[in-house]
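Numbers here simply count residues along the sequence, with the first being 1.
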Amino acid sequence: MDSGLRAVGVVLAGGVGQRMGLGRPKQLATVAGRTILEHSIALFDGSPDIDEVVVLMTPGLVDEARELVGRAGFRKVTKVVEGGASRTESTWRALQAIGAEECDVLLHDAVRPLLEPRIITDCVRALRDHRAVEVAIPSSDTIFAVEPGPGGETITEVLDRSRLRRAQTPQCFRLSVIREAYERALADPGFADRPATDDCGVVLRYLPDVPIHIVPGSERNMKITHPVDARIAAALFEASPVPAVREEEDARAALAGRSVVFLDAGVRAGVGAVVGAGAGGGVTGGVREAAELASRLGARVLVLSRERDGLRLDDPRSVAKALAGAGRIDHVVLAVAAVTAGGAGSLAEVADESVAEAAVSGYLGPVNVARAAYPRLLESGGGLLLCVPAGAGDPLGAPAEAAATALARSLAAEWAAEGLRVNCVTGGGTAEETARAWLAVLASGRTGQVLDASSGPR
């Protein structure tokens with residue numbers, strides 16, 4: 001049974017995050033180049049299964065949240081509403097903001113920014129047949145029931161782990177169901193003395209005849225509560241595989257009419273080779289395929305390389321001059337060649353020229369490109385993508401890869417306020433696979449990501 005109703009994602013960001021010790025709400029902390037709130041909104045804004053997004057924000061910070069939404073260009077966010085003093089009050093305000101028309105509602109904690117798109121899809125599909133849906137995962141730990149005892153707590157029962165589940169979000173409902181549950185709760189004088197900790201608890205208490213269906217969650221869908229959680233989340237973001245572009249139409253919508261400049265630092269090919277207008281041989285594998293694919297998707301593509309003294313990554317003036325002649329630039333993609341110790345045997349035996357080349361490929365070149373690209377990207381609100389080979393423990397390649405990835409993360413945080421995106425893709429498979437990975441990142445709208453192209457799409 002298809003509900004045929006619009007699906008509304010509600011991002012609940014009304015908390016203050018005292019346990020994070022930041023002095024401001026944790027949902028505004030930056031992780032992997034974006035605020036936690038932006039990551040969570042982006043999940044729903046980018047889901048083809050979601051029609052509308054409503055954001056509930058901490059009192060006093062609604063204007064900041066609206067600026068963030070506008071800067072990020074989220075298209076599905078229709079309202080940013082001030083949250084309440086409690087989770088239940090914030091949910092009730094969200095339900096009022098949605099209106100009276102029946103719909104499917106997905107209520108998600110903003111501090112779970114690693115929600116997988118698959119879960120959103122599964123929840124929307126589950127709402128075709130169920131009026132209440134909860135995302136949960138099995139408990140891998142043994143759970144005790146305890147009671148106070150002399151000198152501390154004592155165990156009273158070992159609970160049956162096979163019947164226990166750890167609750168996550170989103171928690172999803174038909175609007176009429178969750179609204180009725182809250183109306184009954186707010187009319188109950190005893191509710192304030194024993195408030196529910198989540199929305200399923202309200203439905204379970206006040207509409208016990210409504211079954212709550214379980215959708216399998218994910219260990220990645222963690223809640224950021226303590227400082228260590230933010231560090232774990234950052235590591236998980238950085239380890240994320242390249243995002244899948246669901247349909248070619250998605251990539252076309254993101255790239256059509258955009259200007260993409262590829263800086264090919266791999267071989268000595270001609271400067272200013274325009275794809276589709278005689279790029280000629282010698283263009284690095286991956287760059288050629290990415291440029292041709294982007295062109296087929298409707299992008300205006302320019303490939304710049306280092307032959308004929310047109311582009312030298314070690315010379316900031318050369319890089320600036322090359323970009324100056326490119327016209328409008330929406331995306332800059334820098335692809336650097338692999339520089340390894342090869343058969344030298346040890347770092348001490350590596351030629352000085354190879355060391356210098358590794359320094360240019362991994363650090364100096366990306367820095368010069370970023371500095372030259374920054375004012376051009378400010379004009380378009382675009383992004384920079386650094387594409388580097390995997391170092392794989394090589395004494396030259398590994399430090400070069402580490403430098404490029406660290407630069408991408410740092411620039412993503414620095415440029416976030418201007419709405420600019422910076423990402424890094426390492427490794428790759430075939431030239432075609434590598435090209436598709438690069439364009440998937442450009443189309444994804446991500447920032448602050450270090451992604452392994454060899455992992456394949458998610």
Side-chain angles (χ1 to χ4, degrees), residues 1-13 34 36-56 69 72-81 91 94-95 97-99 101-137 167-179 198-200 203 211-218 220-222 240-254 440-441 443-446 457-458:
M1 180 180 68
D2 189 340
S3 72
L5 301 173
R6 82 185 196 279
V8 181
V10 177
V11 179
L12 297 166
R34 256 180 167 178
I36 294 171
L37 178 57
E38 284 177 279
H39 283 297
S40 293
I41 295 174
L43 290 166
F44 289 89
D45 193 77
S47 171
D49 300 298
I50 296 297
D51 301 300
E52 179 183 345
V53 180
V54 174
V55 178
L56 268 290
V69 166
F74 294 127
R75 296 173 297 172
K76 295 181 182 178
V77 177
T78 58
K79 297 181 181 71
V80 179
V81 181
T91 298
L95 299 178
I98 290 172
E101 182 182 351
E102 184 71 297
C103 63
D104 292 333
V105 181
L106 290 77
L107 299 160
H108 184 65
D109 288 336
V111 289
R112 293 185 185 270
L114 286 155
L115 174 69
E116 296 172 12
R118 181 269 306 172
I119 296 175
I120 297 176
T121 297
D122 289 349
C123 287
V124 172
R125 289 176 178 172
L127 285 170
R128 296 173 183 173
D129 302 308
H130 307 278
R131 293 183 293 160
V133 173
E134 166 68 299
V135 175
I137 58 175
Q168 298 185 333
T169 64
Q171 296 184 335
C172 316
F173 311 91
R174 198 79 84 240
L175 176 61
S176 56
V177 169
I178 188 65
R179 188 190 295 277
D198 69 350
D199 303 306
C200 281
V203 172
I212 302 176
H213 176 74
I214 295 294
V215 163
S218 166
R220 283 177 56 91
N221 187 18
M222 62 178 290
S240 296
V242 172
V245 176
R246 291 175 179 263
E247 303 289 346
E248 183 172 300
E249 288 74 14
D250 292 345
R252 186 179 301 276
V441 174
S444 73
R446 288 185 175 188
R458 179 164 60 202

Report task. Quick one: closest heavy-atom pair of Ala132 and Phe173, and the distance? Result -> CB-CD2, 3.7 Å
Query raised in the report: How long is the gap from CD1 on Ile98 to NZ on Lys79, to the nearest 0.5 Å?
Result: 8.0 Å
**Report entry** Student check: side-chain heavy atoms of Thr169 and Val135 closer than 4.5 Å
**Finding:** no
Query - Minimum heavy-atom distance between Ile178 and Val203, given as atom pair plus value - result: CD1-CG2, 3.8 Å
Report task. Carefully, step by step, assess Leu127 and Leu106 under the rule side chain to side chain contact (heavy atoms under 4.5 Å, CB included). Result -> CA-CA 10 Å; Leu127 285 170; Leu106 290 77; 4.2 Å; yes
Query raised in the report: So His108 and Phe44, would you call those rings parallel, tilted or perpendicular, with 30° and 60° as cut-offs?
Result: tilted
Query raised in the report: For the atom pair CG (Leu56) and CG (Leu107), what is the distance rounded to the nearest 0.5 Å?
Result: 9.0 Å
Query raised in the report: Of the non-hydrogen atoms in Asp45 and Arg75, which two are nearest, and what is the gap between them?
Result: OD1-N, 3.0 Å
Requested in this report: Rounded to the nearest 0.5 Å, what's the gap from CD1 on Ile137 to CZ on Arg220? Could you check?
Outcome: 12.5 Å
Query raised in the report: Do Leu175 and Val8 come within less than 4.5 Å of each other through their side chains, counting heavy atoms only?
Result: no
Query - Smallest separation among heavy atoms of Ser47 and Lys76, with atom names - result: O-NZ, 2.5 Å
Report task. Taking the side chain as every heavy atom from C-beta outward, state whether Ile119 and Pro170 have any pair of such atoms under 4.5 Å apart. Result -> yes
**Report entry** Straight-line distance of Arg125 CZ to Cys172 SG, nearest 0.5 Å
**Finding:** 14.0 Å
Query raised in the report: From Asp104 CG over to Ile50 CD1, what is the distance, rounded to the nearest 0.5 angstrom?
Result: 9.0 Å
Query raised in the report: Do any N or O atoms from the side chain of Gln168 and from the backbone of Gly217 form a donor-acceptor pair under 3.5 angstrom?
Result: no
**Report entry** Glu116 to Ser218 - nearest heavy-atom pair and separation
**Finding:** OE2-OG, 2.7 Å
Query raised in the report: Does Glu102 reach the main-chain N or O of Arg174 with its side chain, forming a donor-acceptor pair under 3.5 Å?
Result: no
Query raised in the report: Say you draw a straight line from SG of Cys123 to CD of Glu134; how long is it, rounded to the nearest 0.5 Å?
Result: 8.5 Å
Query - Validation row: Pro113, Leu43 side chains within 4.5 angstrom (heavy atoms) - result: no
Query raised in the report: At their closest point, which heavy atom of Ala110 faces which heavy atom of Ala13, and how far apart are they?
Result: CB-CB, 3.6 Å
